[in-house]
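A quick write-up on the structure given underneath.
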Amino acid sequence: MAQHNAFYAQSGGVTAVINASACGVIEACRRHPDQIGKVYAGHNGIIGALTEDLIDVSQESDETISALRHTPGGAFGSCRYKLKDIETHRAQYERLIEVFKAHDIRYFFYNGGGDSADTCLKVSQLSEKLGYPLTAIHVPKTVDNDLPITDNSPGFGSVAKYIATSTLEASLDIASMCATSTKVFVLEVMGRHAGWIAAAGALAGNGEGEPPHLVIFPEVHFDRDRVMARVEESVKLYGYCVIVVSEGARYEDGTFLADSGNTDAFGHRQLGGVAPTLAGMVKQDLGYKYHWAVADYLQRAARHLASKTDVDQAYAVGEKAVELAIAGRNAMMPAIKRVSETPYDWRIEAAPLAEVANREKYMPHEFIREDGFGITEACRQYLAPLIQGEDYPPFENGLPKVAHLKKARVERKLPEFTI
């Protein structure tokens, strides 16, 4: 096989382990010098490809690339920029192919969620139409855990571990003060349409009266009267109430409790503020003293508390993406397959992108408790392995050590392109 170059880019909201996938891709590419020459990374995701703003990853040492495994954020820069249908935005897709041709890029690795899977699929389709041999592989990533086919999404396990831990620790705080102070604590977590992260908060307790006392999912219509009745019942029985609520909590008509009225670059409604909204209801309806918190970026950036399972899987999908590419498996995604529950075991399989793109995986009915306010044992069994194991980063002067990249730019060969 002739040697050609590879392109890697990160897309959408980052995770604590997306750079572990980058590490997997880059290290695997370096193990196949006969097929893959240089690896170029898009600066700020797909925008880097469109503007020909490429980073020469070959300038980074093996030590620096290895350090990506324990570095949170998006090392090469990510973006929220969706390439829409080919016919409407054909010029952008053709620009991608022009850039790839100019730099002899024949391998395209796009690390992101459902929208990125769609982009990756479209790029593979257009390259075929234009007669340019490009192998496009989607590397899965999303804290929302809503990608189909794969058992779970890299990035989710670490968020789940952080939220379960934070719920447990905050609950102990509230319990110790509830006699004379705060009665209700509300933790807002990510999850626009799927309640996987909120469900993870329920791992903090597993017995009668153990917090969280309520979990509010996007999949269960919000009923203010029912929620307030359960809060009041919890305070009377246990002295306090801990609530984990998804940012995507919504009323029966589909309206979000906390809709800002804006949309992001992917066309998604901008959410945020469901915790203070819910806390305000508690104050208005029940008069209890409350506190609330929004996990926000902390939950997806907490590499210091990452799940070892998640780190290992994030690296493995990156590594497998390269193996699929050099085997000629175009328009595919490495997916995690759960082999057994006890002991927990998994492997990586190939999934067609046509079955992944623009599809969301919601919490199954059997994972949500009958009253709608908690998780079932089946859900607990599913979630528990994903938060197992610790993979602490090295520390220096009391703080985690992270990778510092040179980000050496590749010389541009094409005219400027405006997006």
Side-chain angles (χ1 to χ4, degrees), residues 143-146 152 156 159-160 163-164 166-168 170-171 174 183-238 240-259 269 271 273-286 288 290 292-295 360-384 386:
V143 298
D144 292 328
N145 199 40
D146 59 359
N152 57 282
F156 170 68
V159 168
I163 292 300
S166 297
T167 302
L168 172 62
S171 295
I174 302 302
K183 301 288 187 187
V184 178
F185 175 69
V186 183
L187 176 62
E188 176 182 329
V189 302
M190 290 178 172
R192 180 182 308 277
H193 300 131
W196 295 105
I197 300 177
L203 293 174
N206 191 28
E208 178 63 32
E210 292 183 3
H213 306 101
L214 286 87
V215 180
I216 298 177
F217 305 98
E219 291 89 348
V220 179
H221 296 144
F222 183 83
D223 184 317
R224 180 167 177 166
D225 290 339
R226 288 190 69 239
V227 170
M228 292 302 113
R230 183 57 65 92
V231 172
E232 186 171 32
E233 178 185 42
S234 177
V235 172
K236 288 181 177 178
L237 287 173
Y238 315 117
Y240 68 109
C241 180
V242 172
I243 306 169
V244 178
V245 58
S246 170
E247 65 179 349
R250 67 190 72 197
Y251 295 102
E252 189 172 2
D253 65 1
T255 304
F256 292 108
L257 269 68
D259 188 337
R269 302 297 296 183
L271 305 179
V274 70
T277 298
L278 184 54
M281 293 179 185
V282 169
K283 181 66 175 179
Q284 184 177 28
D285 294 4
L286 305 174
Y288 293 135
Y290 63 81
W292 57 266
V294 181
E360 288 182 291
K361 178 176 68 180
Y362 305 111
M363 287 272 292
H365 178 74
E366 61 270 21
F367 278 14
I368 300 175
R369 212 167 60 199
E370 191 173 349
D371 65 2
F373 293 136
I375 64 173
T376 63
E377 188 55 38
C379 183
R380 188 175 297 275
Q381 186 177 26
Y382 166 80
L383 292 172
L386 306 183

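Model, not experiment: these values are computed from the prediction.
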Should the heavy atoms of other residues, nucleotides or ligands under 6.0 Å from CD of Glu252 be counted, would the total exceed 12?
no
Are side-chain heavy atoms of [X] and [Y] found at a separation under 4.5 Å?
X: Arg380; Y: Asn206; answer: yes
X: Leu278; Y: Met228; answer: yes
X: Phe373; Y: His213; answer: no
X: Lys283; Y: Tyr290; answer: yes
X: Val215; Y: Ile375; answer: no
X: Phe222; Y: Val227; answer: yes
X: Glu366; Y: Thr376; answer: no

Testing the basics here: between [X] and [Y], what is the closest heavy-atom pair and its distance to 0.1 Å?
X: Ile216; Y: Ala249; result: CG2-CB, 3.9 Å
X: Tyr240; Y: Ser171; result: CE1-O, 4.1 Å
X: Phe156; Y: Ile197; result: CE1-N, 3.9 Å
X: Leu203; Y: Ala164; result: CB-CB, 4.1 Å
X: Val244; Y: Pro212; result: CG2-CB, 3.9 Å
X: Ala295; Y: Ile163; result: CB-CD1, 3.8 Å

By side chain to side chain donor-acceptor pair (under 3.5 Å), which residues pair with [X], not counting sequence neighbours?
X: Glu370; answer: none
X: Asp144; answer: none
X: Tyr382; answer: Asn145
X: Tyr251; answer: none

Which residues pass the salt bridge (Lys or Arg N to Asp or Glu O under 4.0 Å) test with [X], sequence neighbours left out?
X: Asp371; value: Arg230, Arg369
X: Arg226; value: none
X: Glu219; value: none
X: Asp285; value: Arg224

Residue list, ring pair (Phe, Tyr, Trp, His ring centres under 6.0 Å) with Phe217, at least two apart or on another chain
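Expected list: none.
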How would you list, by chain and number, every residue that makes a side-chain contact (heavy atoms from CB on, under 4.5 Å) with [X], sequence neighbours excluded?
X: Ala293; value: Phe185, Leu187
X: Ser166; value: Tyr162
X: Pro218; value: Ser246, Arg250

For side-chain contact (heavy atoms from CB on, under 4.5 Å), just list the numbers for Glu232 and Tyr288, CA-CA rounded to whole Å, side-chain angles, deciding distance to a tenth of an Å, and then say yes or no.
CA-CA 9 Å; Glu232 186 171 32; Tyr288 293 135; 3.7 Å; yes
Tell me whether [X] contacts the main-chain N or O of [Y] through its side chain, where contact means a donor paired with an acceptor under 3.5 Å.
X: Trp196; Y: Asn152; answer: no
X: Glu188; Y: Ala275; answer: yes
X: Glu247; Y: Val189; answer: no

So how far is it from Leu286 CG to Met281 CE, rounded to the nearest 0.5 Å?
11.5 Å
Please round to the nearest 0.5 Å and tell me the distance separating atom NE2 of His193 and atom CZ of Phe256.
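These two atoms lie 4.0 Å from each other.
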